[in-house]
Amino acid sequence: MTHASSNKWLSYVLLTLLGFVMIYPLIWLFVSSFKTNQDIFGSSKLFADTYVWNSYSLGWAGTGQYGFQQFFVNTLKLVLPTVVLTIVSSVIVAYGFSRFTFPLRTLLFSLMMATLMLPDATVMIPRYILFNKLGWLDTYLPFIVPSAFATSAFFIYMLIQFFRGLPRELDESATIDGCNSFMILIRVLLPLCKPALFSVGIFQFIWTWNDFFNSIIYISSVKKFTVSLGLRLSLDASSAVSWNQVLAMSVVSVVPCILLFFLAQKYFVEGISTTGLKG
Amino acid sequence: MTRKKRSFRYIGLIYVLPWILGLLIFQLYPFIASFYYSLTDYNMVNAPKFIGLDNYKQIFTNDPGFTQALKVTSIYVVLAVPVKLAFALFVAIVLSAKLKAINLFRTVYYLPSILGGSVAISVLWRFLFMKDGVVNSMLANVGIPSVDWLGNPDIALYTLGLLSVWQFGSSMVLFLAGIQQIPSDLYEAGSIDGASKTRMFFKITVPLLTPIVLFNLVMQMVNAFQEFTGAFVITSGGPMKSTYLYALKLYEEAFTFFKMGYASALSWVLFAIIMVVTGIIFKTSNRWVYYEDGGKTK
């Protein structure tokens with residue numbers, strides 16, 4: 001009895017300490033975005049004696065011609081269509097795989113699972129050459145168009161798993177009521193898989209929002225920069241001027257993801273545990 | 001009736017058609033094309049010129065950058081992935097002890113995985129581990145001399161590895177889900193048979209988690225081989241190319257020098273390496289992964 005409860009107590013202490021270590025960098029980032037350069041460097045204290053309050057407004061305005069307002073709008077222009085199209089296309093394809101038998105189904109399904117393992121690095125260059133030929137460089141089309149074709153097997157698989165959990169009797173009774181297969185999807189199944197749709201949307205939002213590699217490859221003009229690119233720009237540009245502005249914009253750039261994470265936590269954990277890849 | 005049946009046979013195909021097109025255009029075609037480009041000299045201005053295996057010859061015999069990138073990446077993968085998974089498993093096991101605040105802890109540990117790949121976190125890492133950054137200041141408080149976390153070629157790679165380990169949350173959530181799915185009657189049966197807690201841990205929990213270990217191992221390994229953002233933003237591959245990960249080499253050849261043929265060959269070498277490592281993991285998995293269908297695993 002005492003053994004078990006002391007064990008539990010030890011677990012709590014351990015987990016709290018670890019949690020503190022895990023989260024401390026983020027707290028430091030937030031607090032330091034209000035500090036002066038002297039307090040950011042060479043000090044182990046979390047709180048400083050003097051604070052500056054203009055780091056956010058100055059950082060937001062940026063140093064060059066375009067500020068973070070532009071970068072935020074750009075990122076939304078890229079992320080939102082990508083998220084919506086990913087959800088729509090993945091649902092349709094997952095429905096096809098989970099509810100119908102058709103020629104070559106097994107082969108196609110295995111192919112889809114194989115693409116989960118296909119390293120992006122292998123397809124990156126021909127894609128770039130293709131998009132270049134299409135005149136899509138320096139636009140958001142390389143992000144948006146592929147998402148309309150359900151190119152992420154991760155999401156399809158996640159939704160297939162979810163569809164499999166919904167009883168087929170639902171479809172059958174709807175068929176008897178005269179629904180065709182598309183109406184069954186829209187009217188019967190979609191309302192039931194809202195949690196899974198949320199999961200897909202949230203994951204895709206955060207991954208696309210944080211994406212750096214594709215952004216740096218495809219977007220070249222500052223006017224079209226995403227938040228990731230803008231942040232790197234300010235890191236390079238502000239050579240030792242005011243680091244708090246860089247930190248402030250780092251905070252701002254992760255705020256949408258943190259908000260989404262806390263608001264939709266349930267879906268996150270659900271999503272990652274039903275399929276659970278990546279991260 | 002028969003007619004309806006026949007049209008029914010193809011209806012599923014219509015639903016998966018978008019994916020089939022996407023596969024052909026954005027995955028299969030690029031996959032094959034990159035092999036073709038790897039046999040050419042192509043700078044995106046002139047037409048690709050077929051040069052056979054010259055790119056591969058160059059990679060393996062006359063490219064110190066490749067050797068360095070391969071070395072650095074191998075160390076990174078071999079260290080970061082197992083440490084991250086061990087950590088994830090350990091925390092998941094502690095967390096699974098039916099603690100009240102489990103959801104809070106899970107959230108806190110998972111948060112870094114959400115943000116980890118972003119430029120903001122790379123910026124943060126750079127500040128934390130600068131020579132006069134917070135980490136060194138804290139160490140100074142307890143009398144440890146400062147470490148040049150990002151400037152010392154012997155250490156910088158480990159500092160990046162730490163960033164990867166910090167993001168153990170997503171693997172942990174998977175382990176946790178796995179632990180929670182283990183039927184409790186197995187433990188009940190175990191305790192009736194008089195098995196100790198430790199024994200049950202090694203005879204029930206661990207074997208039933210091995211499929212998840214396998215899955216995490218493969219996915220994390222594939223991702224780690226392609227790690228880019230941290231090394232690019234925090235250290236730019238330096239100092240002295242000590243964090244020159246494979247993805248940086250690939251990026252440089254393709255998008256700085258526009259040697260598309262050469263970069264394609266590099267990407268195929270990476271693909272081959274990942275496939276071989278995955279193959280080895282799967283081959284050995286027969287010996288250490290427990291399958292519930294009762295070991296129909298050759």
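Listed for the B/Gln226 side chain is a donor-acceptor partner under 3.5 Å among the backbone atoms of A/Asp120. In this structure a side-chain-to-backbone donor-acceptor pair under 3.5 Å is missing from B/Trp268 to A/Thr122. Between the side chain of A/Asn210 and the backbone N or O of B/Ala120 there is no donor-acceptor pair closer than 3.5 Å. For B/Tyr15 (side chain) and A/Phe182 (main-chain N/O), a donor-acceptor pair under 3.5 Å exists by modelled atom type.
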Going through the checks in order, is the side chain to side chain contact (heavy atoms under 4.5 Å, CB included) test met by A/Leu18 and B/Phe90?
CA-CA 12 Å; A/Leu18 180 64; B/Phe90 172 74; over 6 Å; no
Pair B/Phe255, A/Tyr128 - check ring pair (Phe, Tyr, Trp, His ring centres under 6.0 Å), show working.
CA-CA 10 Å; B/Phe255 302 107; A/Tyr128 180 85; 4.8 Å; yes
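The contact between B/Tyr251 and chain A is made entirely by side chain atoms (from C-beta outward), counting heavy-atom distances below 4.5 Å. Proximity to chain B (any heavy atom under 4.5 Å) is restricted, for A/Phe131, to the side chain, taken from C-beta onward. If you measure heavy-atom distances from B/Phe168 to chain A, the contacts under 4.5 Å come from the side chain alone. Heavy atoms closer than 4.5 Å to chain A are found in the side chain of B/Phe87, but not in its backbone. Both the backbone and the side chain of B/Leu111 come within contact range of chain A, each with at least one heavy atom under 4.5 Å from a heavy atom of that chain.
Residues A/Leu130 and B/Ile25 are in side-chain contact: their nearest non-hydrogen atoms beyond the backbone lie under 4.5 Å apart.
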